[in-house]
Each structure stands twice: as C-alpha cells, then as structure tokens.
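Whatever order the structure lists ligands and atoms in, that order sets their numbers, starting from 1.
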Amino acid sequence: MNQISDSPHISSDAASFVVVANRLPIDVRIDDEGDVHWEESPGGLVSALAPVLHGREAVWIGWSGVATEVDAIPAFRTPAMMGSYHLVDVPLSASMVEQYYEGFSNSTLWPLYHDRIVAPEYHRDTWNAYVEVNLHFAEHTADVAAPNATVWVHDYQLQLVPSMLRALRPDLLIGFYLHIPFPPAELFLQLPWRQRIVEGMLGADLIGFQTPFGANNFCEVTSQLMGYESDSASADGGWIDVGTPSFNMANSVQFRPARNHVARRVQVDAFPISIDVASLEELAASPKVQQRALDIRRDLGDPKFLLLGVDRMDYTKGIEVRLRAFVELLEDDMLDPAHTVLLQIATPSREQVQEYQRLREDIELLVGRAAGALGEIGQVPLRYMYSGLPRAELAAFYVAADVMLVTPLRDGMNLVAKEYVATRIDDSGGLVLSEFAGAALELPQAWLVNPYSLESVKEAIMTALGTTPEDRRRRMAAMRTHLREHDVERWAREFLDALAATGS
Ligand code: ADQ
C-alpha cells in the first residue's frame, strides 16, 4: 500500500500529467477508537494508471468521498499526496453529490447508456448540478495543470469537462475516456441535453471508448446532431472534424452550424480496458490463495461443480438472469443439488439510489425462495454474500470456481471476466459470458450467451460443465494468451501514445 502523506498541496504549474476522475483513489476509514484514516482504494483505474502516474509530476483530481459538511472537520481533510503523486480534492456538498452523482450521473446517464434497462430520469435540477460540478472539476484542473500538460479525463460523470477545460486552458492536451458503453443514436438522442454532452466531449483531442461500437455510435450522433464529418473506422484511428458541418437533411436531426468551435480534428477510437494480469497471476499462484481456494470448496460442502458470480450490485449485471437459470436447471433435474453450488458475491453499490435498493430486495427474495424450495435438508445449492472482499480473498474465490457466470445485460467491458481468466493459471475452468459485455469481443472462446434468453444461459451452463477438460483447457489457454498480451499497462500506454500523437 502506498504511503499517504500530508505534504502541502501542489503549487500551480507543477503538474505535467493530470488525471481527472469523479473519485480520488482514496477511501476514508474510521477505526474502533473513532480515529480517521485515509487509505488507497484498490480500484481498477488506480492499478491501470500506477505505471504512468509514478515517476512524473502527476496529479489526480477528484472528490474525496467525504462531503464538505464533514470535511470541515480537520481530521477528514483530504491528504495532499499518495505515494509519489499529488491529490487535489474537488469539494462537493452532500446535496451536490445527491444531485450530480446519484441524480444525473446514476439515475439519468447510467441507465440511458445501458440500453434503458431501467427508465432514465430527466430532471433539470440534476442537470444543472451536473453542469456546476463539471465546471468545478474543470476549474480545479485549469489551476494545477502545467503549461501544455497532458490531462486525462475519465467517465460519464465528467463529460462536460473537456470543452470547459479547453475554454479555460487551450494549451492543454486533453484525452477523454468513457468506461461505459456509448449508446446507439436512437437511445442517446432521447437525452434533453444531448447537444451539450456531445459538445462537452468534443473538447477533447482524443475520445476513447471500450469498443468500436461506442466509437461508431458517437460518430453517428455527432453527424446527426451537428452534421460533422467523421470516420470511426479509418485505418489510422477514427476521427471527427469539428467545426466543418457536412449537413445532410436526410440524416440530420437538427442542423447546428459549429459556431462555437474552431475547426479541428478530434480522434475517436476503441481502447478496451484490461487488468494487471501479471500481479493477479502471481496472487493466484501463491500458496496462501491456493490453500484458501481449497478451504472455500470445503466450506461449501466440497461440491463436484462450483459456479460463481461476482459483481457490483447493479441492475446492468444480470445477476437475476443467472440465478434464475440455475434455479430452473435444478428444478428441471439437469443439475444435482447434492453436488452443485452457485455462489453469488455482490458488492454493495450506490445504496442511496432507489433502483439499487429495489434490486437488492428482489435478489434477496429470489435467493431466499430458492433456499426454501431447492434441495434436501442440509443442501443449499444457491449461496449468496453481500460484501466487498479483499483482493486476495476474491482471487481465492476465482481459483476455487469451476465455472464463472458473467451475464450482464449491458457492460462497457466487465473486468470480472478478465480477472477470472487471469487467475486460471492451470488453464482449467470455464467462462460463461454475455454477448453484451465489451469483454465478449476479446474473449470469443468463452461460452457466449444472450442474457435476455434464459434458455441460452441454461444451455451454456450445461455445456461449460459437461465439456471435456481438453476443450475447457484449449479455450482458457487462448483467453489467457490474449490477456497476457493485452494488459492494463498496454491499455494506458496505447491511449496516452495516441493522445500524444494528436499533438504532433
Ligand atoms: P464496473 O461496473 O464497476 O466498472 P467491472 O468492470 O466488472 O464493473 O469491475 C468491477 C470491479 O469490482 C472488478 O475489478 C471486481 O474485482 C471488483 N469487485 C466486484 N465485486 C467485488 C467484491 N465483492 N469484492 C471486491 N471487489 C469486487 C465500470 C464499467 C465496466 C468497465 C469498468 C472499467 O461498468 O464495464 O469494465 O468500469 O472500465
């Protein structure tokens, strides 16, 4: 773990590389004595950026997770450094968090970008808060970035930052990366503030998406809304010419001449995110994790088949789909409750948002009903945990599982699928994976399923369990080879190289 220090805040003009994300990579913890501690939060983005953050004048700008009402208390003040890079806190009040984060980000953009699995809410108040908070982020960034610095803005919470920042600091090289899907035009165009969002993103020099579909959808939207010329699949990477509208009455929803933009080319491309493969392989191979995996199986009654689901508790993840498929397979006598266990681990997430509370209730009801209806006394084929796990513990669960079930209804990438593959150091194990996760494009050797079809999921589970060990090994080996060559360090390097190339 990195050392968090309290050294003074970075002086302006010192930061040549700036990461801007909704959250700082730290969490506050209060111990039994009531003392406050700040700890590095183990997130994918932190490990992805660690190699590029260390050894340079780097700053991470984001919210600490503690509302301004609380951080007025000195102990809660955000530390100024973590390891070798600086932290800049964007202070947010509790009501701002409610409106900008729980409101516009997670009750409007999140469901809209994930195929309207639940209906997005459109409220002017939350939109106004989103604009205000994005401006705070842009201003803090403008204050600390060195002349001509590289700035990397992350995700759907901050889509307006690139253009706001460009207006404040035209000297900066600005990259934007969207971690979630960018939806097809027919969905995106529902958004009352669609034009503002697109203009916001176009402030960047490079816009990165998880998949070519995202890049293509974005080009389509800019063409329909603004009439900009673009090519999402050019050999040198996609591009959009901002400020040179090619108006076409047939495909334009609304013609807006590009008054506010200087003509320039924005690069648009797919950069599928990945994981730290080597460190996960090492963890999985450690005797402690191997032993823990055996203990987990023993604690679960040494089943012949252990199936596993691991997700943030989110309606996009299709948790119910796999639970229902499993229950039906037991009911149909396709699986034997004496020898099969499905363990679902769900991390608490966005618990303040109503849809998430409802989802948790639904899933717990389903698990409870299944417990009562399935198996003999003493047999509990469906197990459920609602908690976040330390990294090594999570790795042990991956190592223990025979088949991993990853069935999101829509997912930008899905790192769980990649994590599972990385831990299968003996090439054993099977992955059942939704076609609608970005990861499906890279892992075609998984058993791909349509999560909207229960039959498709049931069939894939049975095939994954019933196939020969050789078939499983061949598939897993191919997926591991791909991942080893496409780890998270490569993801960050390729994005930053492409960003640097836009400035040349
Ligand atoms: P998420 O929607 O959070 O990320 P995902 O990619 O699956 O989804 O990442 C979840 C992370 O949380 C994984 O690293 C996993 O290990 C961890 N996790 C899940 N359950 C856990 C538990 N019980 N205990 C501990 N850790 C747990 C968003 C997008 C994704 C995209 C990522 C990265 O929605 O599509 O892949 O960003 O860009």
> Going by distance only, is there an N or O of Asp411 that falls short of 3.5 Å from an N or O of ligand 1?
Replying inline: yes
>> Please report whether ligand 1 has a polar contact with Leu415, defined as an N or O pair separated by less than 3.5 Å (distance criterion only).
In response: yes
> Looking only at N/O atoms, are Ala346 and ligand 1 under 3.5 Å apart anywhere?
Replying inline: no
>> Please compare Leu394, Ile180, Thr316, Ile273 and report which has the shortest non-hydrogen distance to atom 26 (N) of ligand 1.
In response: Leu394
>> Ring centroids only, cut at 6.0 angstrom: are Phe213 and Phe182 within range, meaning strictly under it?
In response: no
> Do ligand 1 and Leu389 have nitrogen or oxygen atoms that lie under 3.5 Å from each other?
Replying inline: yes
> With a 4.0 Å cut-off on heavy atoms, is Met385 touching ligand 1?
Replying inline: no
>> I'd like to know if Asp155 pairs up with Arg23 as an ion pair, taking the criterion as any Lys NZ or Arg NE/NH1/NH2 lying under 4.0 Å from an Asp or Glu carboxylate oxygen.
In response: no
> What residue pairs, at least two apart or across chains, pass salt bridge (Lys or Arg N to Asp or Glu O under 4.0 Å) with a residue in residues 107-119?
Replying inline: Asp115-Arg410
> Can you list the ligand 1 atoms lying under 4.0 Å from a non-hydrogen atom of His179?
Replying inline: 29 (C), 31 (C), 33 (C), 35 (O), 37 (O), 38 (O)
> Does ligand 1 have an atom under 4.0 Å from some heavy atom of Trp110?
Replying inline: yes
>> Taking only non-hydrogen atoms of Arg391, do any sit less than 4.0 angstrom from ligand 1?
In response: no
> Can a non-hydrogen atom of Ala437 be found less than 4.0 Å from any atom of ligand 1?
Replying inline: no
> Just by distance, with hydrogens left out, do Asp89 and Thr78 show a side-chain donor and acceptor under 3.5 Å apart?
Replying inline: yes
>> Surrounding CZ of Arg369 (heavy atoms of other residues, nucleotides or ligands, distance under 6.0 Å), is the total greater than 12?
In response: no
> Can you tell me how far the CD atom of Glu442 sits from the CG atom of Leu433, to the nearest 0.5 Å?
Replying inline: 10.5 Å
>> I'd like to check which ligand 1 atoms, numbered from 1 as shown, lie under 4.0 Å from a non-hydrogen atom of Gly388.
In response: 22 (C), 23 (N), 24 (N)
>> Ring-plane angle category for His486 and His482, please: parallel below 30°, perpendicular beyond 60°, tilted otherwise.
In response: parallel
>> Give the atom numbers and elements of ligand 1 that come within less than 4.0 Å of a heavy atom of Gly412.
In response: 35 (O)
> With atoms numbered from 1 as shown, which atoms in ligand 1 lie under 4.0 angstrom from a non-hydrogen atom of Arg312?
Replying inline: 1 (P), 2 (O), 3 (O)
> Is there any N or O on Val310 that sits under 3.5 Å from an N or O of ligand 1?
Replying inline: no
>> Trp63: which residues meet the ring pair (Phe, Tyr, Trp, His ring centres under 6.0 Å) condition with it, sequence neighbours left out?
In response: none
>> When you compare the side chain of Arg475 with that of Trp447, does any pair of heavy atoms fall below 4.5 Å?
In response: yes
>> If the cut-off is 4.0 Å to any non-hydrogen atom of Gln210, which atoms of ligand 1 fall inside it?
In response: 31 (C), 38 (O)
>> Test of understanding: given a 4.0 Å heavy-atom threshold, classify the contact between Asp314 and ligand 1 as side chain, backbone, both, or neither.
In response: neither
>> Test your reading of the structure: does His114 have an N or O sitting under 3.5 Å from an N or O of ligand 1?
In response: no
> What atoms in ligand 1 come closer than 4.0 Å to a heavy atom of Ile345?
Replying inline: 23 (N)
> For ligand 1, which atoms sit closer than 4.0 Å to a heavy atom of Val416?
Replying inline: 7 (O), 15 (C)
> Which of these, Tyr100, Trp193, Tyr122, sits in a ring pair (Phe, Tyr, Trp, His ring centres under 6.0 Å) with Trp127?
Replying inline: Trp193
>> Measuring from atom CG of Leu443 to atom CE of Met476, what distance do you get when rounded to the nearest 0.5 angstrom?
In response: 9.0 Å
> Does the separation of the ring centres of Tyr177 and Phe271 fall below 6.0 angstrom?
Replying inline: no
